[in-house]
Amino acid sequence: MNTVEAVVTKVLDVRPYRNFWITRVEVLSEGGYSNTEIISYTERDAREVRLGDTVTI
């Protein structure tokens with residue numbers, strides 16, 4: 001499986017789900033935009049995702 005570095009351009013939603021938190025974001029990678037979800041185990045970590053952060057998808 002290939003991994004790609006992407007830059008967060010917009011935070012769409014932060015919400016709890018069972019025992020973890022989901023942060024939905026819009027990212028820019030390889031010349032195009034896409035939506036992805038970042039899984040965190042605490043609300044604090046989920047809300048720390050900011051514009052310009054680099055994530056691996």
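Atom set for the values below is all heavy atoms of this structure, side chains included, hydrogens, waters and symmetry mates excluded.
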Q: With sequence neighbours excluded, give me every side-chain hydrogen bond (donor to acceptor under 3.5 Å, both in side chains) pair touching residues 36-57.
A: Glu5-Thr56, Thr42-Asp45, Glu43-Arg47, Arg44-Glu48
Q | Hydrophobic cluster membership, Val8 vs Tyr33, 4.5 Å side-chain cutoff | A | no
Q) So Val7 and Ser29, side chain to side chain contact (heavy atoms under 4.5 Å, CB included) or not? Walk me through it. A) CA-CA 7 Å; Val7 177; Ser29 64; over 6 Å; no
Q) Can you tell if the side chain of Val27 reaches within under 4.5 Å of the side chain of Val55, non-hydrogen atoms only? A) yes
Q) Are there more than 12 heavy atoms of other residues, nucleotides or ligands under 6.0 Å from atom CZ of Phe20? A) yes
(Q) Could you measure the distance from the NZ atom of Lys10 to the CG atom of Leu28? Nearest 0.5 Å is fine. (A) 12.5 Å
Q: Under the side chain to side chain contact (heavy atoms under 4.5 Å, CB included) rule, what do Ile22 and Ile38 come out as? Steps first, then yes or no, please.
A: CA-CA 6 Å; Ile22 297 174; Ile38 301 170; over 6 Å; no
**Q.** Validation row: Ile57, Thr3 side chains within 4.5 angstrom (heavy atoms)
**A.** no
Q. Stepwise, does the side chain to side chain contact (heavy atoms under 4.5 Å, CB included) test hold for Val25 with Val49?
A. CA-CA 9 Å; Val25 294; Val49 177; 4.0 Å; yes
Q) With no hydrogens and no angle check, is any side-chain donor or acceptor of Thr23 less than 3.5 Å from a backbone partner on Ala46? A) yes
Q: Give the minimum heavy-atom separation between Glu30 and Val4, together with the two atoms involved.
A: OE2-CG2, 3.7 Å
Q) Transitively linked via ILVMFWY side-chain contacts under 4.5 Å: Ile39 with Leu12? A) no
